[in-house]
Amino acid sequence: VVPATTVIKADDVTTPEIQAAIKDLHDKAIATGRLSEPSIVDISPDKTVAVVSLAINGKGTDAESNRSLEVLREQVVPATVGKLDNAEVAVSGMTAWS
């Protein structure tokens, strides 16, 4: 399983608004059929960073993986956590780096 990670940085990523956006990110990503479980949300001890990992299709560096990452970056993130006013968002992972 190759994960794509979405990183959300804010003053407090445990607020209801940000938690709702993270859940929306998860649900919309799964609904595309391009990303899947397992999904993991890690929150930093100081609550300023949340890292959402989702499994992507493909082997990590192939066209299928690149398409999954494109859907995450261009459709899912802007429609969910990308709408948050007081947060920075980035997409990372092995496929993003390649």
Side-chain angles (χ1 to χ4, degrees):
V1 176
V2 178
T5 54
T6 303
V7 181
I8 301 104
K9 185 177 187 312
D11 290 339
D12 182 355
V13 296
T14 65
T15 63
E17 178 190 20
I18 294 178
Q19 287 298 300
I22 289 172
K23 182 182 182 325
D24 203 24
L25 168 79
H26 169 271
D27 295 348
K28 280 185 170 46
I30 300 296
T32 67
R34 291 263 166 208
L35 299 112
S36 60
E37 300 291 353
S39 65
I40 301 164
V41 179
D42 288 315
I43 295 178
S44 65
D46 66 1
K47 299 181 182 176
T48 61
V49 177
V51 179
V52 182
S53 300
L54 289 149
I56 61 173
N57 294 346
K59 294 177 174 57
T61 54
D62 57 9
E64 190 173 8
S65 298
N66 291 338
R67 180 69 184 126
S68 295
L69 190 67
E70 185 180 310
V71 166
L72 180 64
R73 278 188 169 148
E74 295 178 11
Q75 296 173 26
V76 179
V77 167
T80 60
V81 293
K83 288 183 173 179
L84 293 167
D85 288 332
N86 299 316
E88 295 175 51
V89 179
V91 175
S92 187
M94 184 177 89
T95 304
W97 284 104
S98 65

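Not measured: the values here are computed from a predicted model. Starting from 1, each residue takes its place in the sequence as its number.
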Do L84 and V52 belong together in a cluster built from hydrophobic side chains that touch within less than 4.5 Å?
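They do share one cluster, since a chain of ILVMFWY contacts under 4.5 Å joins L84 to V52.
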Cluster check V81, I18: I/L/V/M/F/W/Y, side chain < 4.5 angstrom
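Both belong to a single hydrophobic cluster.
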Closest approach of [X] to [Y] (non-hydrogen atoms, all atoms of both residues):
X   : Y   : answer
V51 : V49 : CG2-CG1, 4.1 Å
A87 : I8  : CB-CG2, 4.1 Å
V91 : V77 : CG2-CG2, 3.9 Å

Who passes side chain to side chain contact (heavy atoms under 4.5 Å, CB included) against [X], sequence neighbours left out?
X   : result
N86 : none
S68 : R34, I56, N57
D46 : S44, T48
Q75 : R67, V71

Can you list the residues that meet the salt bridge (charged side-chain N to carboxylate O under 4.0 Å, His left out) rule with D24, with sequence neighbours excluded?
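So D24 forms a salt bridge (charged side-chain N to carboxylate O under 4.0 Å, His left out) with K28.
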Those residues that, when tested against K23, pass salt bridge (charged side-chain N to carboxylate O under 4.0 Å, His left out) (two or more places apart)
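In terms of salt bridge (charged side-chain N to carboxylate O under 4.0 Å, His left out), with neighbours along the sequence ignored, K23 is linked to D27.
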When rounded to the nearest 0.5 angstrom, what distance separates CG in L35 from OG1 in T6?
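One gets 8.5 Å once the value is rounded to the nearest 0.5 Å.
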Should [X] and [Y] count as side-chain neighbours, where that means a heavy-atom distance under 4.5 Å?
X   : Y   : result
L25 : L72 : yes
K59 : V2  : no
H26 : E37 : yes
I30 : L54 : yes

Would you mind telling me which of D62, T61, L69 makes a side chain to side chain contact (heavy atoms under 4.5 Å, CB included) with S65?
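Answer after filtering D62, T61, L69: D62.
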Where the side chain of Q19 meets the backbone of V13, is there a donor-acceptor pair that is under 3.5 Å apart?
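Looks like yes, one N/O pair under 3.5 Å.
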Test your reading of the model: is there a side-chain donor-acceptor pair from T5 to the backbone of S92, 3.5 Å cut-off?
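Checking the backbone N and O of S92 against the side chain of T5, a donor-acceptor pair under 3.5 Å is found.
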Please check if the number of heavy atoms outside D12 that lie under 6.0 Å from its CG is greater than 12.
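Check passes, neighbour count above 12.
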